[in-house]
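Accompanying notes for the structure given below.
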Protein chains: 2
Amino acid sequence: MTEELAKHKLIQYIKERVPISENESEVITSYFELRHLPKKSFFIQEGQECIYHGFVISGTLRVFYSDPKGLEHVLYFGFADWWVGDIASFNTHEPTHINVQALEDSWILTFSKDGIEELFLKVPILERLFRIMAQRTLSVLQKRFFLTVSANAHDRYKELIERHPGIEQLVPQHQIASYLGILPESLSRMKKQLLHKK
Amino acid sequence: MTEELAKHKLIQYIKERVPISENESEVITSYFELRHLPKKSFFIQEGQECIYHGFVISGTLRVFYSDPKGLEHVLYFGFADWWVGDIASFNTHEPTHINVQALEDSWILTFSKDGIEELFLKVPILERLFRIMAQRTLSVLQKRFFLTVSANAHDRYKELIERHPGIEQLVPQHQIASYLGILPESLSRMKKQLLHKK
DNA sequence: TGAAAGCATTGACCTATGTCAAGGAATATA
DNA sequence: TATATTCCTTGACATAGGTCAATGCTTTCA
């Protein structure tokens, strides 16, 4: 992975969403830094102040929360073209409660809190991009929330598989259980039941 | 409630968040309309395309989702200074899945999809306001999600009461149960247990 | 290549919360 | 003020998913 290729991917992503000039592209990329995340390494860890945000170029990350009992709850998996970070901590400067970890060797482009504020002044249309992104993310999370409170684990599993075919090849099963909000034992039993029903 | 007072409240709200000129205030308020919602009436109903958004001036609303079994799940209660609407449907033009209903006589200021897009061009700093609002909402929903998946109904109830003292005087108990993701029977039993433990 | 660590599966049992049904209290409406 | 709704409580029972423990299968890495 080269810096140049990564930045090209970022600009592609942005150009599909808001119009920017060649000059603005230059300015934008100057605020991003390429970072390699070896498998199992953390981009963000709970307890830290989260002053960086990342745009996934390649690889797979998991974004999760460790509850007081020590159980981990996956909020989402980050693949190419996704953003990872904690907006809450990013804005309030308080320590974050989430973790972002690479499930395999990954590459991300990062920007800092101070950087993006400066960049918003230089390229104001990014304010629009980030509004739209936040609103999209909000819609997605709202849907996830409603599914979590209204459907059982069985149906949530089917929904995930349909929405994301092939995810079982990318992510270990206990991480999928964590995403679904159940224990690995329960997922294992569920899959057995599904086989018998067919 | 007068139109003038309502619009004054809106401008106050905005001025606490981003700088705007007197002239911009005028422009902004011209895009909003005051609307009275009698108790039990709906501002938004599932199945409709959701082209309006509302800013609550007074009263109490509930924002909820009806699942396929017919159970209702409250996403949040809207009090003064809150926004109500469905960003997903607002953006995609698809029919919304949520409902917004007045729990008591309420007043809201509404704006339309087309209106806000025009307004963003005239007062670009609103783009920033809406980005910040969307990001805040996202943080709040993320926290609610993690609480829902990691704490039992008992602890979720205590968290709600602490975060929102007096809510039990404002909202009927079965609505609170719906917010917590349990049935009214379960909440009733829980409260009995809490009394015995003291 | 072989030990260690991590992962998936299975079993027996447990618990929080749902389900269904009934009666009583509170609130709204005529 | 009477009556109809809606809301709250309680009971008996059901069930999805959690808990704990054991076993074998992979993957990792020295």
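Chain naming here is simple, since letters A, B, ... match the order of the sequence lines and numbering starts at 1 in each. Values below: all heavy atoms of this structure, side chains included; hydrogens, waters and symmetry mates excluded.
In this structure, B:E185 places its CD atom 16 Å from C1' of D:dT15, rounding to the nearest Å. Here C:dA16 presents its P atom at 11 Å from CG of B:D155, a figure rounded to the nearest Å. The CD atom of A:Q169 sits 16 Å away from the C1' atom of C:dA8 (whole-angstrom rounding). Between the NZ atom of B:K191 and the P atom of C:dT17 there is a distance of 16 Å, rounded to whole Å. Taking atom CG of A:L183 as the reference point, atom C1' of C:dA12 lies 16 Å away to the nearest angstrom. What separates CG of B:N152 from C1' of D:dT19 is a distance of 15 Å, to the nearest Å. Protein atom CG of A:L103 is 15 Å distant from nucleotide atom P of C:dG6, rounded to whole Å. If you take NE2 of A:H154 and C1' of D:dG17, they are 14 Å apart, rounded to a whole angstrom.
Side-chain polar atoms of A:E46 and A:H97 form no donor-acceptor pair below 3.5 angstrom. Judged purely by distance below 3.5 Å, without hydrogens or angles, the side chains of A:K122 and A:Y31 pair a donor atom with an acceptor atom.
For C:dC7, the OP1/OP2 oxygens have no side-chain nitrogen or oxygen of A:Q175 closer than 4.0 Å. Dashed line: the shortest gap from a side-chain N or O of A:Q173 to OP1 or OP2 of C:dT9 is under 4.0 Å. Between B:H174 and the phosphate of D:dC8, there is a side-chain N or O to OP1/OP2 separation shorter than 4.0 Å. The side chain of A:S188 contributes an N or O atom lying less than 4.0 Å from OP1 or OP2 of C:dT9.
Comparing B:L187 and B:K40 by the nucleotide of DNA chain D that holds the closest heavy atom to each, the one mapping nearer the 5' end is B:K40.
Among the heavy atoms of the strands lying under 4.0 Å from A:K39 are primed sugar atoms or P, OP1, OP2 only; no base atom is included. Within the 4.0 angstrom heavy-atom criterion, only backbone atoms of the sugar-phosphate kind lie near B:I182; the bases stay farther away.
Looking at every heavy atom in both residues, A:Y65 comes nearest to B:S150 through CE2-OG, 3.7 Å.
Side-chain atoms of B:D86 never come within 3.5 Å of backbone atoms of B:T96 as a donor-acceptor pair (strictly under, hydrogens ignored).
The CD atom of B:E49 sits 10.0 Å away from atom CZ of B:F90, with the distance rounded to the nearest 0.5 Å.
Remark: the B:R189 side chain and the C:dG18 base include no donor-acceptor N/O pair separated by less than 3.5 Å.
Of the listed nucleotides (C:dT19, C:dC7, D:dC8), D:dC8 has the atom at the smallest distance from the side chain of B:P172.
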